[in-house]
Amino acid sequence: MRASQFLIATVKETPADAEVISHQLMLRAGLIRKLASGLYTWLPMGLKTLRKVEKIIREELDASGAQELLMPAIQPAELWQESGRWEQYGPELLRLKDRHQRDFCVGPTHEEVITDLVRNQLKSYKQLPANFYQIQTKFRDEIRPRFGVMRSREFVMKDGYSFHINQESLQKTYDDYFNAYVRIFDRLNLDYRPVIADNGSIGGTGSHEFHVLAASGEDDIAFSDSSDYAANVEMAEAVAPKAAPDAPTEEMRLVDTPNAKTIAALVEQHNLPIEKTIKTLMVKASDEVDSDIVALLVRGDHELNEIKAEKQPEVASPLTMATEEEIRDIVGASPGSLGPVNLPMPIVIDRAVACSSDFGAGANIDGKHYFGINWERDLPTPRVADLRNVQVGDPSPDGKGTLNIRRGIEVGHIFQLGLKYSEAMNATVLDENGKAVPMTMGCYGIGVTRVVAAAIEQNHDENGIIWPESLAPFTVALVPLNYDKSDDVKALSDKLYSELKAKGVDVLLDDRKERPGVKFADMELTGIPHRLVISDRGIAAGQLEYKGRRDAEASDLPLDNAVAALISKLGQ
RNA sequence: CGGAGUAUAGCGCAGCCUGGUAGCGCAUCUGCUUUGGGAGCAGAGGGUCGUAGGUUCGAAUCCUACUACUCCGACCA
């Protein structure tokens, strides 16, 4: 490609509304332009990269046995009513009516459409497993789009769906997808981790997210320092610090704590170690228990994990904190003086609380706490559960090493759906006995547009993007100086350009009538991995200047062997 | 959804408080010079000041409504 015939829409100034580096660089390098909140045009330079991501995904999925198809972006409401999600999905689902006043939505995902297709096409267990994917534009009306294409409303997603006669078959395809994702993200040169993820309300039996590690990520990932254990903090198991509490050494006593309404104040004013304090959180109860609210106890230095809390049978879903009035009605004290002693409601305690001894907690009397509380001696041990977020330094749940926590950008998610959609939508096949059975399903997503942003978060410097070759819009930039004035420079540049093109190298010839500084800055900003400078000076010396995008200094290639020497540098 | 803020040329901003008919930098166009790190000089073009209404002799400026966009929040005992 000649730069004079290609839109190079670089800008010097950083756009005011771009927060994260990838968003800033995608705008500055001329990859995207905003149309409206959460809606972006992909300019030619950005689309080249997007297509390279798609190509890698296609190659690996095709090799793993998935078949590509393409479904409509607009979907009829009937299918969503069948699955129950027309009511469940909420305002993120963009709904619209056609000229006949029939209801439709713009697809945020395609479980309903693929399930409808498969139930109509596949009738026998002999046709399973079936495994389809598409790369297609989705729309989710996000509460708050941000970070450019990282969280946009319209985005390109690879979504795959598989159908099986049993769990064993699903597990095999699930593993195939897992391995294909590993190959895809390896080829994309991303620093990523597959992590154990929440199954969400869908249930099912297994789920992994693939996270690119980056400070701007919106999820916390916990991973072991000495094994490959990694999990979303939402899911990471917090193991008990020890098997049982120590024997009591203190008497339980009622202490006046008029100014200690928070754990921090309690610790500061009463010389209590924070790990000897207990937080009592009150949430709405489910129908399972004979109470309006339930108490959840975590240690003062720990945080409640809302996902784990919501899974407790005593707790109403979605998790809702009790109001101050509700607490006062039942307990007769304010938040800030709550604790397990004499508490008239069901209690669930975290594992770390269960092995605490001589601890302090509210007395359920305003301005008073009990200190020196011990389970069994002072009150029965309530039901124990894993309720808290893991923290840095916690032991890894697999028993190997301790946990670190870093931010991650979710770029992929694989999910065992089980029978959720096939039962709701009556998607069955006949088994060996001629009996209709619902198909077991899996679904598998990659945020294609988000991958581009995530890659920039990991690969940039003060001069711009640093593309790995697998993602670069162009592999090589030819930068001639005085292309329009020097016949020698022009002849050599054109010759190199056609030779590299003939070898299949994706090359950009910067034949623009610009000063050298402009060309250098643009080639660096847009992140092209290899650069050759063609100048009269170099020609006279019999050399071409080469610089890799990550190199500190340029080096020289012999002129008579330049193409071969350059090609030997590619793919390293 | 709750809170805060912004809206003036393609981009980044000043002007608004204290009303008098719009300006700066970059970008664009023309000419000359320059040509290995986002050039210099000279000139030019480009704005219904987000939209609608109000106050006023007069509104970018004051008032009202609306719209769009941005940021913060939705872990607290």
Side-chain angles (χ1 to χ4, degrees), chain A residues 8-20 23-24 27-28 30 33-39 90-92 141-148 220 233-234 257 260-267 277-283 293 295-300 302-310 318-324 326-328 331 333-340 343 360-364 366 369 387-389 463-464 479-486 489 510 512-526 531 533-538 541 544-545 547 554:
Chain A
I8 295 179
T10 53
V11 289
K12 262 195 276 192
E13 286 181 273
T14 301
D17 55 0
E19 282 280 303
V20 297
H23 188 196
Q24 293 172 0
L27 290 167
R28 283 194 55 210
R33 284 292 180 268
K34 184 170 79 170
L35 176 65
S37 177
L39 302 176
E92 217 171 277
D141 203 354
E142 293 281 349
I143 297 177
R144 191 177 154 206
R146 62 186 122 178
F147 305 156
D220 283 313
V233 163
E234 290 175 348
T257 54
K261 299 224 186 306
T262 63
I263 293 289
L266 193 67
V267 166
T277 63
I278 302 293
K279 282 197 283 206
T280 304
L281 297 103
M282 301 211 167
V283 301
I293 55 182
L296 304 176
L297 271 58
V298 297
R299 237 166 56 182
H302 290 157
E303 280 180 354
L304 182 71
N305 178 309
E306 297 191 4
I307 305 265
K308 293 175 181 176
E310 195 173 304
L319 186 77
T320 313
M321 290 321 228
T323 64
E324 190 156 347
E326 289 169 319
I327 293 171
R328 183 155 280 284
V331 183
S334 296
S337 300
L338 301 178
L343 191 62
N364 303 320
D366 279 341
H369 280 73
L387 291 179
R388 70 175 176 95
N389 283 335
N463 293 321
V479 181
L481 307 182
N482 281 319
Y483 182 82
D484 57 323
K485 296 251 176 70
S486 164
V489 167
D510 195 348
R512 293 177 300 168
K513 203 175 163 184
E514 289 287 354
R515 297 166 57 84
V518 174
K519 295 185 180 186
F520 293 148
D522 278 349
M523 294 306 107
E524 280 163 6
L525 179 58
T526 51
R531 183 184 83 189
V533 179
I534 300 103
S535 66
D536 284 318
R537 202 169 78 190
L544 280 179
E545 179 192 297
K547 186 170 179 295

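For the numbers below, each heavy atom of this structure counts, side chains included, while hydrogens, waters and symmetry mates do not. In the text below, chain A, chain B and the rest are named by the order of the sequence lines, each starting its count at 1.
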| query | Any side-chain N or O of A:S37 less than 4.0 Å from the OP1 or OP2 oxygen of B:U70? | reply | yes

Quick one: [X] [atom1] to [N] [atom2], roughly how many Å, whole number?
X      : N     : atom1 : atom2 : result
A:H302 : B:C75 : NE2   : C1'   : 15 Å
A:L266 : B:A77 : CG    : C1'   : 11 Å
A:R512 : B:U35 : CZ    : C1'   : 15 Å
A:D220 : B:C75 : CG    : C1'   : 12 Å
A:I143 : B:G2  : CD1   : C1'   : 12 Å
A:L297 : B:C75 : CG    : P     : 19 Å
A:E142 : B:U70 : CD    : C1'   : 17 Å
A:L27  : B:G10 : CG    : P     : 17 Å

Between [Y] and [X], is there a side-chain heavy-atom distance shorter than 4.5 Å?
X      : Y      : result
A:R28  : A:T10  : no
A:M282 : A:L343 : yes
A:R146 : A:H23  : no

| request: Step by step, work out the side chain to side chain contact (heavy atoms under 4.5 Å, CB included) result for A:E524 and A:K547. | output: CA-CA 11 Å; A:E524 280 163 6; A:K547 186 170 179 295; 4.2 Å; yes

Taking the [atom1] atom of each, how far is [N] from [M], in whole Å?
N     : M     : atom1 : answer
B:A44 : B:A9  : C1'   : 15 Å
B:A60 : B:U55 : P     : 16 Å
B:G53 : B:U48 : C1'   : 16 Å
B:C11 : B:G46 : C1'   : 14 Å
B:G3  : B:C62 : C1'   : 26 Å
B:U64 : B:U18 : P     : 15 Å
B:A65 : B:G47 : C1'   : 25 Å
B:A14 : B:G25 : P     : 16 Å

Give none if [N] has no partner; otherwise give the nucleotide forming a Watson-Crick or G-U wobble pair with it, both distances under 3.5 Å.
N     : answer
B:G38 : none
B:G47 : none
B:U67 : B:A7
B:G23 : B:C13
B:U18 : none
B:C62 : B:G54
B:C75 : none

Kindly point out which of [options] is positioned nearest to the side chain of [X]?
X      : options             : result
A:L338 : B:A77, B:C1, B:G36  : B:A77
A:E13  : B:C11, B:G36, B:A77 : B:C11
A:E303 : B:G36, B:C75, B:A77 : B:C75
A:K34  : B:C71, B:C69, B:G36 : B:C69
A:R537 : B:C69, B:C76, B:G36 : B:G36

| note | 5'-most contact on RNA chain B (nearest-nucleotide basis), A:I534 vs A:A36, goes to A:I534

| query | A:P145 or A:K485: which one's nearest nucleotide on RNA chain B is closer to the 5' end? | reply | A:K485

| query | Can you give one letter per nucleotide of nucleotides 37-47 of chain B, going 5' to 3': B for a protein heavy atom under 4.0 Å from the base, S for sugar-phosphate only, - for none? | reply | BBB--------

| field | Under-4.0 Å salt bridge between A:K279 and A:E303 | value | no

| task | Rounded to the nearest 0.5 Å, what's the gap from CG on A:N463 to OG1 on A:T526? Could you check? | result | 11.5 Å

| request: Rounded to the nearest 0.5 Å, what's the gap from CG on A:L266 to NE2 on A:H369? Could you check? | output: 4.5 Å

| message | Pair A:E514, A:D522 - check side chain to side chain contact (heavy atoms under 4.5 Å, CB included), show working. | response | CA-CA 11 Å; A:E514 289 287 354; A:D522 278 349; over 6 Å; no

| message | Applying side-chain hydrogen bond (donor to acceptor under 3.5 Å, both in side chains), can you list everything that pairs with A:R328, at least two apart in sequence or on another chain? | response | A:S334, A:D366

| Between A:V489 and A:L481, is a side chain to side chain contact (heavy atoms under 4.5 Å, CB included) present by the stated rule, with each step listed? | CA-CA 7 Å; A:V489 167; A:L481 307 182; 5.7 Å; no

| query | Touch check for A:I263, heavy atoms < 4.0 angstrom, all strands: base, sugar-phosphate only, or nothing? | reply | sugar-phosphate

